Amino acid sequence: KRRGIRHSLQSILLLAIGAVLSGRNSWVGIAGWAARADHQLRVCGPTPSAATFARVLAAVDPAALQAALNGWITTRLAAGDGREPVGRRRPRQALAVDGKVLRGARTPDGQVKLVAAYDQSAGVVLGQVVVVGGDEIAALPVVCDTVADLHGVLITADALHCQRSSADYLLGRGAHYALTVKGNQPSLRDALARQPWGQVPGL
């Protein structure tokens, strides 16, 4: 409206992130934190109201926002600090792929579940996708596709992802993998159990 108040999208998103990280889980809580917390974000004009936070965040395309964050994080990690390790090789990049249920987030089909690719050295999520139809196995290649270059990267995942399709996909992308083997792969588990692990040096 002509007499309405304009806020920057960046400030609303950053205030919402700060509020949620501080434990606020409602629109009123987010708006209250934005107005009263000792944060360093400068907001032009009045602090956004709870209704503004609700309206803006409901209109944001989560896939587009995630893609923008993925690109920003990847660029920052690639830039690094400009220093190469002295006298030793740079450690292999390792990504942990795992699923999680979003507390309090529900759709008509049930709770929202995400699968994320977590960089174990940098301590950041490089990408995450929504699990479609409850098929978390199918989400592994989808979340890995959000990472541009997997060549030489080690992917770790739990027993759910110990599937031939997942292994074939990762090898096709030039990645390595370490997958947990449990009862969902009985033949593979028995074959591994018969190996002479006691004779392997260092174990």
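Counting from 1, the numbers follow the sequence of the chain as shown. Keep in mind the model is a prediction, meaning the values are calculated, not measured.
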Visitor: Ignoring hydrogens, what is the shortest heavy-atom contact between Ala31 and Pro48? Give both atom names and the distance.
Guide: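 Ala31 and Pro48 have their closest heavy atoms at CB-O, 4.0 Å.
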
Visitor: Would the distance check show the side chain of Asn184 and the main-chain N or O of Ala159 forming a donor-acceptor pair, the cut-off being under 3.5 Å?
Guide: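 The answer is yes, because a donor-acceptor pair under 3.5 Å joins these two groups.
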
Visitor: Minimum heavy-atom separation for Val131 and Leu114, please, with both atom names.
Guide: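 Heavy-atom minimum between the residues: CG2-C, 4.2 Å.
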
Visitor: In the single-linkage hydrophobic clustering (I, L, V, M, F, W, Y; side-chain heavy atoms under 4.5 Å), do Leu65 and Ile17 co-cluster?
Guide: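 In one cluster with Leu65: Ile17, no.
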
Visitor: Go through the steps to decide whether Asp168 and Ser166 satisfy the test side-chain contact (heavy atoms from CB on, under 4.5 Å), and finish with yes or no.
Guide: CA-CA 5 Å; Asp168 288 342; Ser166 298; over 6 Å; no

Visitor: Drop me the distance from Gln93's CD to Ile155's CD1, to the nearest 0.5 angstrom.
Guide: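 Interatomic distance, Gln93 CD to Ile155 CD1, rounded to 0.5 Å: 8.0 Å.
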
Visitor: For residues Pro141 and Ile137, report the shortest heavy-atom separation together with the two atoms involved.
Guide: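 Closest pair (atom of Pro141, atom of Ile137, distance): CD-O, 3.6 Å.
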
Visitor: Hey, quick one: are Leu13 and Leu15 part of the same hydrophobic cluster, counting side-chain heavy atoms closer than 4.5 Å, chains of contacts allowed?
Guide: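 Yes, one cluster joins them.
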
Visitor: Applying a strict under-4.5 Å side-chain criterion to I, L, V, M, F, W and Y, I'd like to know whether Trp33 and Leu21 cluster together.
Guide: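 As far as the 4.5 Å side-chain criterion goes, Leu21 and Trp33 are not connected within one cluster.
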
Visitor: Just wondering, do Val115 and Val142 contact through their side chains at under 4.5 Å, heavy atoms?
Guide: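 Contact flag for Val142/Val115 side chains = no.
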
Visitor: Can you see which heavy atom on Ser11 is nearest to which on Leu41, and at what distance?
Guide: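 Where Ser11 meets Leu41 most closely, the heavy atoms are O-CD2, 3.6 Å.
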
Visitor: For the atom pair OG1 (Thr47) and CD1 (Ile12), what is the distance rounded to the nearest 0.5 Å?
Guide: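 So the OG1 of Thr47 and the CD1 of Ile12 are separated by 11.0 Å.
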
Visitor: In sequence, state the C-alpha distance, the side-chain angles, and the governing distance for Lys113 and Lys100, and then conclude on side-chain contact (heavy atoms from CB on, under 4.5 Å).
Guide: CA-CA 6 Å; Lys113 190 170 188 179; Lys100 57 184 176 182; over 6 Å; no

Visitor: If we only count heavy atoms from C-beta on, is the His176 to Leu171 side-chain gap below 4.5 Å?
Guide: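 Result no, sub-4.5 Å side-chain heavy-atom pair not found.
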
Visitor: Hey, what do you get for CG (Leu140) to CG (Leu170), rounding to the nearest 0.5 Å?
Guide: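 That separation rounds to 5.5 Å.
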
Visitor: Give the intermediate values and the outcome of salt bridge (Lys or Arg N to Asp or Glu O under 4.0 Å) for residues Asp149 and Arg173.
Guide: CA-CA 8 Å; Asp149 185 12; Arg173 291 287 309 274; 5.9 Å; no

Visitor: When rounded to the nearest 0.5 angstrom, what distance separates OH in Tyr177 from OG1 in Thr156?
Guide: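 Reported to 0.5 Å precision, the distance equals 13.5 Å.
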
Visitor: Can you find a heavy atom in the side chain of Val20 that is under 4.5 Å from one in the side chain of Asn25?
Guide: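 Sidechains of Asn25 and Val20: no contact.
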
Visitor: In terms of hydrophobic clustering (I, L, V, M, F, W, Y; side-chain heavy atoms under 4.5 Å; direct or indirect links), are Val129 and Tyr118 co-clustered?
Guide: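 In one cluster: no.
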
Visitor: Once rounded to the nearest 0.5 Å, what's the spacing between atom OG of Ser49 and atom CD1 of Ile30?
Guide: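 Between Ser49 OG and Ile30 CD1, I get 12.0 Å after rounding to 0.5 Å.
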
Visitor: Would Leu192 and Trp197 satisfy side-chain contact (heavy atoms from CB on, under 4.5 Å), going step by step from the backbone distance to the final call?
Guide: CA-CA 9 Å; Leu192 290 173; Trp197 299 110; 4.1 Å; yes

Visitor: Looking at every non-hydrogen atom in both residues, tell me the closest pair between Val97 and Cys144 and how far apart they are.
Guide: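 Scanning both residues completely, I find the closest heavy atoms to be CG2-SG, 4.2 Å.
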
Visitor: Using a strict threshold of under 4.0 Å (side-chain N to carboxylate O), is an ion pair present between Asp158 and Lys182?
Guide: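 Salt bridge between Lys182 and Asp158, a charged N being under 4.0 Å from a carboxylate O: no.
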
Visitor: CZ of Arg24 to CZ of Phe53: how many Å apart, nearest 0.5 Å?
Guide: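 Answer for the CZ-CZ pair, Arg24 versus Phe53, is 12.0 Å.
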
Visitor: Provide the closest heavy-atom pair for Val147 versus Leu95 in the form atom of the first, atom of the second, distance.
Guide: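 In terms of heavy atoms, the two residues are closest at CG2-CD1, 4.1 Å.
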
Visitor: Would you say that Asp38 contacts Arg36 through its side chain, given a criterion of any heavy-atom pair below 4.5 Å between the two side chains?
Guide: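 SC-SC contact between Asp38 and Arg36 ruled out.
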
Visitor: May I ask whether Leu69 and Val56 are part of the same hydrophobic cluster, defined by side-chain heavy atoms of I, L, V, M, F, W, Y residues being less than 4.5 angstrom apart, directly or through others?
Guide: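 Yes; tracing contacts between hydrophobic side chains, which count when under 4.5 Å, links both residues.
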
